[in-house]
Protein chains: 2
Amino acid sequence: MSDSQDPRQNRLLAALPDDEYTRLVPQLELVSLSLGDVLYEPGIQMHHVYFPTDSIVSLMCVMENGAAAEIAVVGNEGIIGVSLFMGGETTPSRAVVQSAGYAYRLAGDRLKEEFDRVGGRRSGAVHDLLLRYTQALLTQMAQTAVCNRHHTLDQQLCRWLLLSLDRLPVQELLMTQELIANMLGVRREGVTEAAGNLQKAGLIEYRRGHITVLDRVGLEARSCECYAVVRDEFRRLLPEGGEPQPD
Amino acid sequence: MSDSQDPRQNRLLAALPDDEYTRLVPQLELVSLSLGDVLYEPGIQMHHVYFPTDSIVSLMCVMENGAAAEIAVVGNEGIIGVSLFMGGETTPSRAVVQSAGYAYRLAGDRLKEEFDRVGGRRSGAVHDLLLRYTQALLTQMAQTAVCNRHHTLDQQLCRWLLLSLDRLPVQELLMTQELIANMLGVRREGVTEAAGNLQKAGLIEYRRGHITVLDRVGLEARSCECYAVVRDEFRRLLPEGGEPQPD
DNA sequence: TCCGATATGTGCGGCAGCGAACACACACCC
DNA sequence: GGGTGTGTGTTCGCTGCCGCACATATCGGA
């Protein structure tokens with residue numbers, strides 16, 4: 001996994017001009033993230049932002065009674081901890097590692113410094129890039145909201161699989177149905193049924209915590225439009241678009 | 001309504017330091033917004049941002065089949081058109097006037113100018129304020145997503161009424177059940193039933209497009225926690241908190 | 001004052017997802 | 001290679017909301 005050891009595996013970092021990038025690199029710290037690790041708790045002061053390379057992190061909204069739902073997913077296209085540069089310092093949501101891997105982390109005040117830097121000639125590449133990412137994040141949340149309202153579990157599962165897949169270098173997810181249910185905020189049995197449908201349709205293969213995607217195009221067809229909306233908006237707002245999809 | 005003719009009825013404008021404010025004021029244009037007016041369509045280039053004074057605007061996410069859902073509501077605490085300073089220029093959502101009234105509008109490039117201004121001594125008050133507002137907006141969207149997932153229509157109606165009420169100078173809404181249903185992305189009949197429940201409970205009074213809130217505290221008790229989460233986050237992030245509530 | 005448009009109330013069958021309880025089956029470890 | 005824990009499949013009745021169809025009430029203008 002020497003690939004994950006290159007900060008520029010993260011597409012935000014990769015999109016920075018060389019001078020900004022070289023200024024930041026020495027401050028980046030490679031960290032290994034395990035499934036279930038919690039990067040942020042609601043209301044707790046954050047100290048770092050994270051740039052995933054081959055890990056995936058879910059932003060979850062947790063309610064008083066413990067019920068929860070994923071509101072966005074962040075992989076190598078993004079950053080965890082936008083509130084550190086947005087000015088709020090904390091958020092009411094939780095960040096949980098959904099797929100183990102690596103990320104580079106950076107002290108919040110270091111990022112802020114770079115974010116606020118106007119620079120002699122160049123006008124804040126870090127600043128502009130992070131704001132564009134944040135707008136993409138807004139879109140993802142908005143789409144999640146409307147998706148929760150209108151779409152069936154089958155469709156949402158497809159969307160979720162695709163969004164995760166786009167953020168991984170492989171076509172396989174290590175993920176139990178229980179965990180997926182937690183992310184989507186539904187019953188585990190519901191996921192069992194939906195996943196069974198997809199398997200019967202020959203779109204995925206399931207074996208005890210391993211999901212392999214067999215027919216990506218079929219998944220997209222079965223997914224609600226929310227996946228495409230989010231993907232396209234990321235492509236529009238961020239360099240190199242939503243994903244370096246092979247096909 | 002001479003009150004609505006004061007830009008500082010809008011709490012973002014009110015929160016600006018005097019020099020920024022006086023620089024902006026001459027550029028502000030008072031506009032009257034009627035129920036149903038559309039300020040932005042998905043993907044269309046925006047030219048202005050809007051600072052509501054006594055109007056309310058809903059941000060809607062509209063799907064291919066026409067189904068829609070509100071993802072956030074903006075009143076005198078906020079601004080419509082964050083993508084103009086976030087860098088995206090457009091959004092995939094629609095902005096619809098939910099409650100008629102006034103707003104001040106400002107050319108996008110003028111706002112951007114002020115947003116990017118670093119200023120001699122002061123470090124971008126406009127910049128920081130708008131980013132904090134945007135973070136609050138993020139929270140509102142996130143909470144909408146989880147609310148759509150987990151809460152009953154009764155609870156959501158309460159939340160919606162309270163959020164709208166906080167953004168109005170009066171305790172009465174001009175709003176048909178049909179429109180509310182559109183906002184929430186549910187059936188009109190469902191709203192009829194939920195509103196009937198609230199009326200039976202003595203919390204509101206309903207008469208053909210007019211909703212009067214009789215027992216605000218009761219509404220809050222019946223609402224899901226989402227209302228309080230959003231309100232508190234606005235209070236935390238923005239000067240003077242979520243609302244100048246009388247009680 | 002009456003009419004018509006518009007808003008609201010109500011009743012049906014249907015379905016997706018919930019919550020609980022249980023049977024099975026695979027993987028891994030000793 | 002046999003157990004044990006943890007994933008997965010399946011069943012039940014129940015509820016909340018949908019989609020449709022229609023009855024009634026209210027407002028505002030001619």
Side-chain angles (χ1 to χ4, degrees), chain A residues 35-36 63 65-70 98-99 145-161 172-201 204-212 222-224, chain B residues 34-36 63 65-70 98 145-161 172-201 204-212 222-224:
Chain A
L35 184 65
M63 326 228 40
N65 65 11
E70 183 185 89
Q98 181 206 107
S99 181
V146 73
C147 193
N148 283 350
R149 167 66 72 200
H150 288 295
H151 296 140
T152 65
L153 184 41
D154 271 55
Q155 294 176 304
Q156 293 184 43
L157 179 58
C158 291
R159 168 182 64 91
W160 191 89
L161 287 174
E172 189 185 356
L173 292 165
L174 271 70
M175 181 64 52
T176 67
Q177 298 183 343
E178 179 89 45
L179 280 179
I180 297 179
N182 264 287
M183 301 287 178
L184 293 179
V186 298
R187 274 187 328 154
R188 196 263 315 159
E189 292 90 328
V191 173
T192 299
E193 192 185 342
N197 294 341
L198 297 186
Q199 180 145 16
K200 266 178 235 138
I204 62 172
E205 196 186 64
Y206 220 111
R207 47 169 263 277
R208 212 180 161 73
H210 299 248
I211 313 176
T212 310
R222 196 162 180 141
S223 167
C224 49
Chain B
S34 304
L35 185 64
M63 327 228 40
N65 64 11
E70 183 185 270
Q98 179 205 108
V146 72
C147 194
N148 283 350
R149 167 68 71 199
H150 288 295
H151 295 140
T152 65
L153 184 43
D154 271 56
Q155 293 176 304
Q156 293 185 42
L157 179 59
C158 292
R159 168 183 66 92
W160 191 89
L161 287 173
E172 189 184 357
L173 293 165
L174 272 70
M175 180 65 51
T176 68
Q177 298 183 344
E178 180 89 45
L179 281 178
I180 297 179
N182 265 290
M183 301 286 176
L184 293 179
V186 297
R187 277 187 326 156
R188 197 264 314 158
E189 293 91 328
V191 174
T192 299
E193 192 186 342
N197 294 340
L198 296 186
Q199 180 144 16
K200 268 178 234 136
I204 63 172
E205 194 185 65
Y206 220 109
R207 47 171 263 280
R208 212 180 160 73
H210 299 247
I211 312 175
T212 310
R222 196 160 179 143
S223 166
C224 50

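Given the structure is predicted, the values throughout are model-derived calculations rather than measurements.
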How far apart are the C-alpha atoms of His210(A) and Leu173(A), what are their side-chain angles, what is the distance that settles it, and do they pass the side chain to side chain contact (heavy atoms under 4.5 Å, CB included) test? CA-CA 6 Å; His210(A) 299 248; Leu173(A) 292 165; over 6 Å; no

For the atom pair CD (Glu189(B)) and CG (Leu153(B)), what is the distance rounded to the nearest 0.5 Å? 11.5 Å

Quick check for you: to the nearest 0.5 Å, what is the distance between Gln177(A) atom CD and Thr192(A) atom OG1? 3.5 Å

Looking at Gln156(A) and His151(A), would you say the former's side chain and the latter's main chain have a donor-acceptor pair under 3.5 Å? yes

For Asn148(A) and Ala145(B), indicate whether the former's side chain and the latter's backbone hold a donor-acceptor pair under 3.5 Å. yes

Please report, rounded to the nearest Å, how far the [atom2] atom of [N] is from the [atom1] atom of [X].
| X | N | atom1 | atom2 | value |
| --- | --- | --- | --- | --- |
| Arg207(A) | dA27(C) | CZ | P | 6 Å |
| Gln155(A) | dA16(C) | CD | C1' | 12 Å |
| Gln199(A) | dC26(C) | CD | C1' | 14 Å |

Does atom CD of Glu193(B) have more than 12 heavy-atom neighbours, drawn from other residues, nucleotides or ligands, at distances under 6.0 Å? no

Under 4.0 Å from any heavy atom of chain B: name the first and the last nucleotide of DNA chain D that qualifies, 5' to 3'. dC17(D) to dC27(D)

Can you work out whether Arg188(A) or Arg208(A) has the more 5'-proximal nearest nucleotide on DNA chain C? Arg188(A)

Starting from the 5' end of DNA chain D, give me the residue, Gly209(A) or Arg149(A), whose nearest nucleotide shows up first. Gly209(A)

With a 4.5 Å limit on heavy-atom distance, are the side chains of Thr212(B) and Ile204(B) in contact? no

Do Asn197(A) and Leu157(A) come within less than 4.5 Å of each other through their side chains, counting heavy atoms only? no

Ordered by number, residues from residues 176-184 of chain A within less than 4.0 Å of DNA chain D (heavy atoms) are Thr176(A), Gln177(A)

Could a donor-acceptor pair under 3.5 angstrom be found where the side chain of Arg187(A) meets the base of dG17(C)? no

Any donor-acceptor N/O pair under 3.5 Å between dA16(C) base and Glu193(A) side chain: no

